[in-house]
Protein chains: 2
Amino acid sequence: MPKTSQAAGLHRASLAKLHDLDASLELMYYGWRGMTLEADDYLARQGLSRPHHRILYVVARRPDIAIGALIEILGISKQALNRPLNLLLERKLLTSTRAPEQHRSKLLRLTAAGQRIEQKASDHERKVMRRAFERAGPSGAAAWMAVMEAIADNN
Amino acid sequence: MPKTSQAAGLHRASLAKLHDLDASLELMYYGWRGMTLEADDYLARQGLSRPHHRILYVVARRPDIAIGALIEILGISKQALNRPLNLLLERKLLTSTRAPEQHRSKLLRLTAAGQRIEQKASDHERKVMRRAFERAGPSGAAAWMAVMEAIADNN
DNA sequence: CTTCTAAAGTCAACATAGTTGACATGAAGG
DNA sequence: CCTTCATGTCAACTATGTTGACTTTAGAAG
C-alpha cells in the first residue's frame, strides 16, 4: 500500500509536436491523471488504491452483484480480484451474503462506511469534471462526451 | 513482459448512474482504454509496453534529452526508469552519447528502429483520436481539447 | 593534483497489480 | 449420488513502481 503519495504535480511537458494530433494524445494522458490525482491521494490516505475504488464504484451501482459479474465488469481475473476484495471485506466496507433463494453465488453490497468512502473518492473525480464542464458550458460538455464515446467504442 | 494480451473487449458496463457526472467518469476510464488498447497490443507484440512507449515518445520529441530531464518529464524515479531504458538501449531503439562539450550528462536519441516503433505505436493512438474528431467535427474537437485542458490543469 | 559535487548507474528490499495453472469447497440440479 | 458451476485459495511468475544506500564518472574549484 503506498503512503500519502503527494500530488506529483508533473507539469504538462512542453514537447515538440511532431504530428497535429500529438497534443490530443498528451491531453488524454494528463486528463486521466488530472481526474484521478486527488481521488488517488484520498484513497491512499485510507490505505486503499484505484482497484479498491473500482470495486466500490461498481458495487455501489450494482448492489447485490455476484463475484462473477464483478469480474466481468472489472475485466480482471478472479485471482486478481481476490486480494483487494478481501481487504474491503475485512475492513467491513463491503458485505458478502448468500441470498435465500439463490445460494449459489455471493451477493456483494456496500456497508455505510463503504458507501462513504466510495462517495468521497468519486466526489473528488466528479469535482474535477464539474469544474471543467462549467468552463466549457453545456455544449462543450456534450461535445466532450460525444468525442469520448467515439474513442471508447473506437468505431 | 506480457505476451500478446488480446484486446479484452470489456464492454462498457451498464451501471446505474447515481450522479449526473458518473457517465463522464466512466467515459474517461473507457476513453483512456480505447485510445491505448491497440497501441498496447502492438507494443506487446514487440515485447514492449506502455513505459517503453512513454520513453520513446518523449525522446522523439526532445532529441538529445538528458536522463535527468527525462525522469522529470516522466515523473518516475531513476531506478524505475532504469530497466525499461536499458532494454531500449540493448535493443538499439535508443542511443546514449556524451556530447563533445557537455560530457557530464548522456544524451538520448532514437535510432531508426526506435523511430519506427514510436511512430507505429503513436499512430495507433492518433488513429483513434482522428476518427473521433472526424465524427465530432472541428468545433467538437476544439471543445474536447478545451475540456481536457481544464481537467489536466484542474483549475 | 586533489577534492568536492552533480549526473548517472547499480543493488537490495519491498509493495502493488496483474497473470496462469492447479486444485479445493460448497450448493444446485438431474 | 454425481456432476456442474460459482467461488475460494495456493503457488509461481511478470511488470511496474517505490526508498535507501551505495559506486562510478567526470567536470569544477581549490
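The sequence lines fix the lettering, A, B, ..., with proteins before strands; numbering per chain opens at 1. Atom set for the values below is all heavy atoms of this structure, side chains included, hydrogens, waters and symmetry mates excluded.
Evaluation of the side-chain hydrogen bond (donor to acceptor under 3.5 Å, both in side chains) rule for A:R50 yields A:D40, A:E125 as partners, not counting sequence neighbours. Applying the side chain to side chain contact (heavy atoms under 4.5 Å, CB included) criterion to A:S139, with sequence neighbours excluded, gives no partner residue. The side chain to side chain contact (heavy atoms under 4.5 Å, CB included) test applied to B:A141 returns B:F133, not counting sequence neighbours. For B:E118, the side-chain hydrogen bond (donor to acceptor under 3.5 Å, both in side chains) criterion is met by B:R61, B:S122, not counting sequence neighbours.
For A:E90 and D:dT9, the CD to C1' distance is 14 Å, given to the nearest whole Å. Between the CD1 atom of B:I71 and the C1' atom of C:dT10 there is a distance of 13 Å, rounded to whole Å. Across the protein-nucleic acid pair, B:L48 atom CG and D:dT14 atom P stand 17 Å apart, rounded to whole Å. A straight line from CG of A:N82 to P of C:dC23 spans 19 Å, rounded to a whole angstrom. Atom-to-atom, CZ of B:R54 to C1' of D:dT16 comes out at 11 Å; the value is rounded to the nearest Å. The interatomic distance linking A:R50 (CZ) with D:dT16 (C1') rounds to 17 Å, in whole Å. Separating the CG atom of A:L87 from the C1' atom of C:dA17 is a distance of 14 Å, rounded to the nearest angstrom. Per the geometry, CG belonging to A:N86 stands 8 Å off P belonging to D:dG8, to the nearest Å.
A heavy-atom distance below 4.5 Å is found between the side chains of B:M28 and A:M129.
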Give the table of side-chain donor-acceptor pairs shorter than 3.5 Å for residues 76-84 of chain B, with sequence neighbours excluded, one pair per line with atom names and distance.
| residue | atom | partner | partner atom | Å |
| --- | --- | --- | --- | --- |
| B:S77 | OG | B:A80 | N | 3.2 |
| B:N82 | OD1 | B:N86 | ND2 | 3.2 |

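Across every non-hydrogen atom of A:V147 and B:G140, the tightest pair is CG2-O, 4.1 Å.
Side-chain N/O atoms of A:S77 include one lying less than 4.0 angstrom from OP1 or OP2 on C:dT19.
Nearest nucleotide to the side chain of B:A80, out of C:dG18, D:dT16, D:dG17: D:dG17.
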With 3.5 Å as the limit, what N/O pairs link the protein to nucleotides 6-8 of chain C?
| residue | atom | partner | partner atom | Å |
| --- | --- | --- | --- | --- |
| C:dA6 | O4' | B:R104 | NH2 | 2.4 |
| C:dA8 | OP1 | B:I67 | N | 3.4 |
| C:dA8 | OP2 | B:G68 | N | 2.9 |

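Sequence order on DNA chain D of the closest nucleotides to B:Q79 and B:R83 puts B:R83 first from the 5' end.
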